[in-house]
Amino acid sequence: MSRFEGWLVGHVAGKVARLAVGMALGAGAGQAAGWPLTGVVLGGLLAGTWMTLRDARRAARLADWLHGPTDRPAPRERGFWGELAYRTERLLRRRERAIEAERERLRQFLSGIEASPNGVLLLDPEGHIEWCNGVAAQHFGLDPQRDLQQRATNLIRAPAFVGALQDEAFDEPVTVPGAADRGTLQVLIRPYGGGMKLVLSQDITERERAEAMRRDFVANVSHEIRTPLTVLAGFIETLAQLPLSEPERQRVLALMQQQTTRMQALVADLLTLAQLEGSPRPAADRWLGVRSLLDTVRADALALSHGRHRIDFTGGEDAEVAGNEHELLSAFGNLLSNAVRYTPEGGRITASWSWRDDGGACFEVSDTGIGIAREHIPRITERFYRVDASRTRETGGTGLGLAIVKHVLQRHGGEVIIESEAGRGSTFRLMLPALRVRRRAASNEALAA
Ligand code: ADP
């Protein structure tokens, strides 16, 4: 027998005992009045009525408690009704705890989906929005509260999305424009349990941009290589078919050499860029003397200028920079080579190293050359961007120099600042962070001396 059955048997036994007491008392009273049987019946009836009323009152209190908010304590009764109330309360509390635990698990689950970098949208079998996370709301321009229970296709009208939902094309993702035509989204619809649908969205704007850049880059490289190759092929044909005089032959060979040099420069710049993209950031503890870097680029600039410009170098004697020597020489060298190439004969070029208040340093190259019109400045560091393509060809540029400079500076934690005005010259500043520059210590200086 279970404990509860024990309580029940006790309860019934108590009732029987009370009934018996009532009947016995009724019999006693009836005996005295001369009708003992009527006394027994009346005593039994009275006891039964009293017990029924008491049970009814207790049952009513229990029902009352169950009917109202159950966070109040259950009515405290004695005996069977007390046990029933206690057990009911215990069951309720256990259920409440289980429901709360489930709710907490759901909250955690939803906050996990909320943290996803992808948009998540749940649709009911009729296509109404059941739930969406913040990213999906942002991607599709939805209000996570107001738009619940709205039909998804009323709010996301991109034909590719509507078509995929209608045709139940759930295998392939579709590409749709983002909210307010900002960016591009890739959307995948997956059916689950009883006609519900899970809609996953991902912002692929950056990926598409990178892909477009890659395509442009390949097209540009092909174009840049094809041009000198076509010229070379023409010259080879000329040499093979025409009987040229010696001076003509020399002229053709010189032109062929020029085209070959151009291709060599292009391939060298492409290799430098590939290396910059494929290698880890330069170590921040490989210190190089700035003076010797500047001496190297000065020698190259003087050779390129061939005495056509006045070139001055200032500062940097006591400076050291942490980074990759080849990359820094390439960045400094490209600025000087541009200054020489875009400054007409007789112009002035100044390269200077200076310290900044925040502990960083600035390497600045100024020229009095042709300058750059304002509208070109923001795009000037893009690969193959040229203000004047014919002029660049004349000056032997590849269109990659400033892209290399910008890349190198980024890898060293710095940035490139450009100031220029068409016809008045340009200033390029390479800003290096404090972490990567220092004044040469006295002991180092002694060693270097
Ligand atoms: P390029 O090989 O064509 O010189 P860069 O990337 O070095 O390629 O430069 C991109 C463009 O920026 C050049 O084609 C030129 O139009 C412009 N430019 C760069 N440096 C200067 C400068 N010092 N003065 C004027 N224009 C410049």
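Each ligand, and each atom within it, is numbered from 1 in the order the structure gives. Scope of the values below: all heavy atoms of this structure, side chains included, with no hydrogens, waters or symmetry mates. One-based numbering along the sequence shown.
Counting only N and O atoms by type, the side chains of N118 and S116 include no donor and acceptor under 3.5 Å apart.
Not a single salt bridge (charged side-chain N to carboxylate O under 4.0 Å, His left out) links R151 to another residue, sequence neighbours left out.
A donor-acceptor distance shorter than 3.5 angstrom exists from the side chain of T368 to the backbone of R348, with no hydrogens or angles considered. In this structure, S330 contributes its side chain and H326 its backbone to no donor-acceptor pair below 3.5 Å. Side chain of R440 to backbone of G289: no donor-acceptor contact under 3.5 angstrom is found. In this structure, the side chain of S426 does not engage the main chain of S420 through any donor-acceptor pair within 3.5 Å.
Residue R341 places a heavy atom under 4.0 Å from ligand 1.
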Q: Could you walk me through whether R209 and E206 pass the salt bridge (Lys or Arg N to Asp or Glu O under 4.0 Å) test, one step at a time?
A: CA-CA 5 Å; R209 213 175 60 88; E206 251 331 284; 3.3 Å; yes
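Both the backbone and the side chain of V387 come within contact range of ligand 1, each with a heavy atom under 4.0 Å. By the criterion of a heavy-atom distance under 4.0 Å, the side chain of F428, and not its backbone, is placed next to ligand 1. At a heavy-atom distance under 4.0 Å, only side-chain atoms of D367, from C-beta outward, approach ligand 1.
Within ligand 1, counting atoms from 1 as listed, the ones closer than 4.0 Å to a heavy atom of L402 are 5 (P), 6 (O), 7 (O), 9 (O), 12 (O), 19 (C). Per-residue contacts place R386 under 4.0 angstrom from the following atoms of ligand 1 (heavy atoms of the residue considered): 3 (O), 14 (O). Every atom of ligand 1 with a heavy atom of Y385 under 4.0 Å away is listed here by number and element: 10 (C), 11 (C). When each atom of ligand 1 is checked for a heavy atom of T398 under 4.0 Å away, the hits are 2 (O).
For ligand 1, none of its N or O atoms has an N or O atom of I370 under 3.5 Å away. Taking any N or O of G401, backbone or side chain, at least one lies under 3.5 Å from an N or O belonging to ligand 1. Checked against a 3.5 angstrom limit, the closest N/O atoms of I380 and ligand 1 fall outside it. For ligand 1, the polar-atom distance check finds an N/O of Y342 within less than 3.5 Å of one of the ligand's N/O atoms.
Distances from atom 1 (P) of ligand 1 to the heavy atoms of S426, G399, A403 put G399 nearest.
Sorted by first then second residue, the salt bridge (Lys or Arg N to Asp or Glu O under 4.0 Å) pairs that include residues 153-176, not counting sequence neighbours, number zero.
Atoms CE and CG, from M196 and L122 in turn, are 6.0 Å apart once rounded to the nearest 0.5 Å.
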